[in-house]
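Each chain gets a letter, A, B and so on, in the order the sequences are listed, and its residues count up from 1.
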There are 2 protein chains.
Amino acid sequence: MKAKFDLSEDQNEAELNQNMMASLVGYHCRRASAALDPFSHPRMAAFHLRPGDFAVLSLLRANPDVSQKRVAEGIGVSAPNLAPILDRLESRGLIARERSLSDKRVQTLSLTVDGLPLCREAEKTAAALESEATAMLNGAERRQLIALLQKVYVK
Amino acid sequence: MKAKFDLSEDQNEAELNQNMMASLVGYHCRRASAALDPFSHPRMAAFHLRPGDFAVLSLLRANPDVSQKRVAEGIGVSAPNLAPILDRLESRGLIARERSLSDKRVQTLSLTVDGLPLCREAEKTAAALESEATAMLNGAERRQLIALLQKVYVK
DNA sequence: TATTGTTATACTCTATAACTATA
DNA sequence: TATAGTTATAGAGTATAACAATA
C-alpha cells in the first residue's frame, strides 16, 4: 500500500478530476433526476407501480375516459409499449378498458373504484418524497428551477 | 366524427389536463434530460459511442491511468456492467488495459493514440450540441440552473 | 478472508415490424 | 386506405450471484 503523503505519483486515494461532462447542464440534469426518482424509495415501491403504471393512473385521474392513443401520447410511450402496462393495471383491477360505441376501434380508459384511491395515495407519497428530496430548496428556488427546466425542453 | 363545437362532452380534440406529475421537479428534470441528451443526435451518433463509452473516455482523458474500480465508481456503473464497455472500447483500439505491477489484481486504463483525439472530438461535439440545445438560456440562467441542480443531488 | 475484475443471467425500458378489427 | 390497438421481438441499461486470480 502507498503511504499517505505519496499522492503526487498517482491518484489511488485522491478525488478524480472533474471531466468535461461536469460542464454540461444535461449531466447535472441526469444526476438530479436520479436523486429525485421516487420509485427507488421503499415508500413508493410499496404500491408496486412502475413509472409507466403511475404515469397512466395519474393521467387518468386528471383526464377521465381518454383513449389509449391519447394516454400513450400523454405519457410519451409508444402504443406497443403501452399495451403491457394497461394489461398489468387491468389485471390488478386498477383500470378498466371500455370499447367506444361510436368507434369500435378505440378503447376508453378509466380508473376503477380500487384504482382511484390507490392513485391518490401514490400521488401523495410521490409528492411527499419529492418534497423531502428537495428540502434544500426554498419556494422561490424551486419555482425558478422548474421555470428554467421548462425553458430548456418546452417546444 | 364529432363536430368541432362539441368539446364540452369529451376531450377528443382538447389538450390533456396537467396531471399531478407536472408539479414535480423530478418530472421536469427528466424531460429536460431527454431534450439535452446528445446521443440521439446524428452528429454525436457518428462517433458510435454509447453513453457509458463516452463517460469512460472522458473520465480517462481527465484522469490518466486509473483502475477499473475507480472508473466504475467515477461514472456510476457497476463492475460487471463496466466490463463489456471496456471490451468494446479495447477492441476498437480506443483504450488499453494494463495489469498493475504492484498489485496484479488491478488493471489500469488509458486512452490510446487513437482514443485521445476521438475523445477530444466527441467532447467538442457534445459541448456544441449542448450549447445549441440550451441557446434559450443566457449565461446567468445557465449557471443558476446548474447551481440549483447540484443543490438537489450533491451529498 | 477480502478485493479486483469477469461471466452469466435476469429484469426493465424502448424501438420496430407485422398483425387484427374497424373506419 | 388509414387508424386503434395488439403481438412478437430485439436492443440497451441495470442489477445480482457466482467465479478466478491475487492480496
> Between the side chains of A:Asp103 and A:Ser100, is a donor N or O closer than 3.5 angstrom to an acceptor N or O?
Replying inline: no
> Quick one: which of D:dG5, C:dG5, D:dT14 gets closest to the side chain of B:Val77?
Replying inline: D:dT14
> To the nearest Å, how far apart are A:Leu109 CG and D:dA4 C1'?
Replying inline: 12 Å
> Within less than 4.0 Å of OP1 or OP2 of C:dT4, is there a side-chain N or O belonging to B:Arg97?
Replying inline: no
> Atom CD1 of B:Ile85 to atom P of C:dT7: distance rounded to whole Å?
Replying inline: 14 Å
> Side-chain donor-acceptor pair under 3.5 Å between B:Glu98 and B:Gln107, yes or no?
Replying inline: no
> Could you state the CZ-P distance from A:Arg70 to D:dT3, rounded to the nearest angstrom?
Replying inline: 16 Å
> Is A:Ser131 reaching over with its side chain to a backbone N or O of A:Ala127, donor-acceptor style, under 3.5 angstrom?
Replying inline: no
>> Determine whether a donor-acceptor pair (N or O, by modelled atom type, separation under 3.5 Å) exists between the side chain of A:Arg97 and the backbone of A:Thr108.
In response: no
>> Tell me the interatomic distance from A:Arg99, atom CZ, to C:dT20, atom P, rounded to whole angstroms.
In response: 15 Å
At a cut-off of 3.5 Å, list every protein nitrogen or oxygen paired with a nitrogen or oxygen from nucleotides 9-13 of chain D, distance to 0.1 Å.
unit_1	atom_1	unit_2	atom_2	d
D:dA12	OP2	B:Arg50	NH2	3.4
D:dG13	OP2	B:Arg50	NH1	3.4

> Just how far, in rounded Å, is C1' of C:dT6 from CD of B:Glu90?
Replying inline: 13 Å
>> Rounding to an integer number of Å, can you tell me how far A:Arg30 CZ sits from D:dT14 P?
In response: 9 Å
Distance-only criterion, 3.5 Å: show the donor-acceptor pairs between side-chain atoms of residues 146-153 of chain B and protein atoms not counting sequence neighbours.
unit_1	atom_1	unit_2	atom_2	d
B:Lys151	NZ	A:Glu141	OE1	3.3
B:Lys151	NZ	A:Glu141	OE2	2.7
B:Tyr153	OH	A:His28	ND1	2.7

Under 3.5 Å, which N/O atoms of the protein pair with N/O atoms of nucleotides 17-23 of chain D?
unit_1	atom_1	unit_2	atom_2	d
D:dA23	OP1	B:Lys104	N	2.8

> Does A:Glu130 come within less than 4.0 Å of A:Arg142, counting only side-chain N to carboxylate O?
Replying inline: yes
>> Please check this pair: side chain of B:Asp53 against backbone of B:Arg50, looking for a donor-acceptor N/O pair closer than 3.5 Å.
In response: yes
> Can you tell me how far C1' of C:dT14 sits from CZ of B:Phe39, to the nearest Å?
Replying inline: 17 Å
> Does A:Ser58 reach the main-chain N or O of A:Ala55 with its side chain, forming a donor-acceptor pair under 3.5 Å?
Replying inline: no
> Is a salt bridge present between A:Arg70 and B:Glu15, judged by a nitrogen-to-oxygen distance below 4.0 Å?
Replying inline: no
> Quick one: A:His48 NE2 to C:dC11 C1', roughly how many Å, whole number?
Replying inline: 16 Å
